[in-house]
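As structure tokens, the structure follows; a few thoughts come after it.
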Amino acid sequence: MHLTAPAAERPRTRTRTRDADGMAVASFILGLLGLLVFNVFLGPTAVVLAAVSLWRGTARKGRAYLGMGLGIADLLVLLAVMQMDDTLSWSF
């Protein structure tokens, strides 16, 4: 016998999809910023955020794939500049 009404369940899929969409957009923005500054940190962060948002089923798959591509491009730019300078960091 229940004396209280059951708690209303909130739909978790809407919140989860909204979070995944936010991660896809954040991945894209961090990938773009990483081409200019802090690419050693922002590149991998963009790749991880894009992968998690795709895994969670984002509705913004294009932004997630762009974020992942830009994150990888960040790391490739860092690698190319490091090879030209023969150092572990680069400066202008």
Side-chain angles (χ1 to χ4, degrees):
M1 182 165 107
H2 291 99
L3 297 177
T4 60
E9 292 286 327
R10 289 183 15 193
R12 292 180 50 99
T13 56
R14 190 175 97 190
T15 303
R16 186 173 179 165
T17 303
R18 188 172 31 173
D19 289 345
D21 291 346
M23 281 190 272
V25 172
S27 168
F28 176 71
I29 291 170
L30 291 177
L32 278 176
L33 285 175
L35 288 173
L36 301 173
V37 293
F38 299 124
N39 50 2
V40 71
F41 299 114
L42 297 180
T45 305
V47 171
V48 169
L49 281 175
V52 170
S53 69
L54 287 170
W55 180 71
R56 287 189 178 183
T58 182
R60 299 178 183 220
K61 291 183 191 280
R63 290 233 173 101
Y65 284 124
L66 280 173
M68 187 175 288
L70 286 169
I72 292 170
D74 293 346
L75 296 175
L76 291 176
V77 166
L78 177 66
L79 182 67
V81 173
M82 282 175 27
Q83 289 297 320
M84 291 186 330
D85 282 346
D86 291 328
T87 63
L88 292 175
S89 64
W90 60 280
S91 62
F92 292 106

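Just so it is clear, the values below take in all heavy atoms, side chains as well, and ignore hydrogens, waters and symmetry mates. Throughout, residue positions are numbered sequentially from 1 according to the sequence presented.
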Is there a continuous path of hydrophobic side-chain contacts, each under 4.5 Å between heavy atoms, that joins Tyr65 to Leu75? no
Answer yes if Leu79 and Met84 sit in the same cluster of Ile, Leu, Val, Met, Phe, Trp and Tyr residues linked by side chain heavy atoms under 4.5 Å apart, and no otherwise. no
Only counting residues at least two apart or in another chain, list the ones meeting side-chain contact (heavy atoms from CB on, under 4.5 Å) with Leu32. Phe28, Leu70
Just to verify, what does Leu76 make a side-chain contact (heavy atoms from CB on, under 4.5 Å) with, not counting sequence neighbours? Ile72
Just distance, no hydrogens or angles: give the donor-acceptor pairs under 3.5 Å from side chains in residues 44-54, sequence neighbours left out.
{"residue": "Thr45", "atom": "OG1", "partner": "Phe41", "partner atom": "O", "Å": "2.7"}
{"residue": "Ser53", "atom": "OG", "partner": "Leu49", "partner atom": "O", "Å": "3.3"}
{"residue": "Ser53", "atom": "OG", "partner": "Ala50", "partner atom": "O", "Å": "2.9"}

Working to the nearest 0.5 angstrom, can you tell me the gap between [X] [atom1] and [Y] [atom2]?
X     : Y     : atom1 : atom2 : answer
Asp21 : Arg56 : CG    : CZ    : 11.5 Å
Leu33 : Asp74 : CG    : CG    : 9.0 Å
Met68 : Ser27 : CE    : OG    : 7.0 Å
Leu35 : Leu78 : CG    : CG    : 11.5 Å

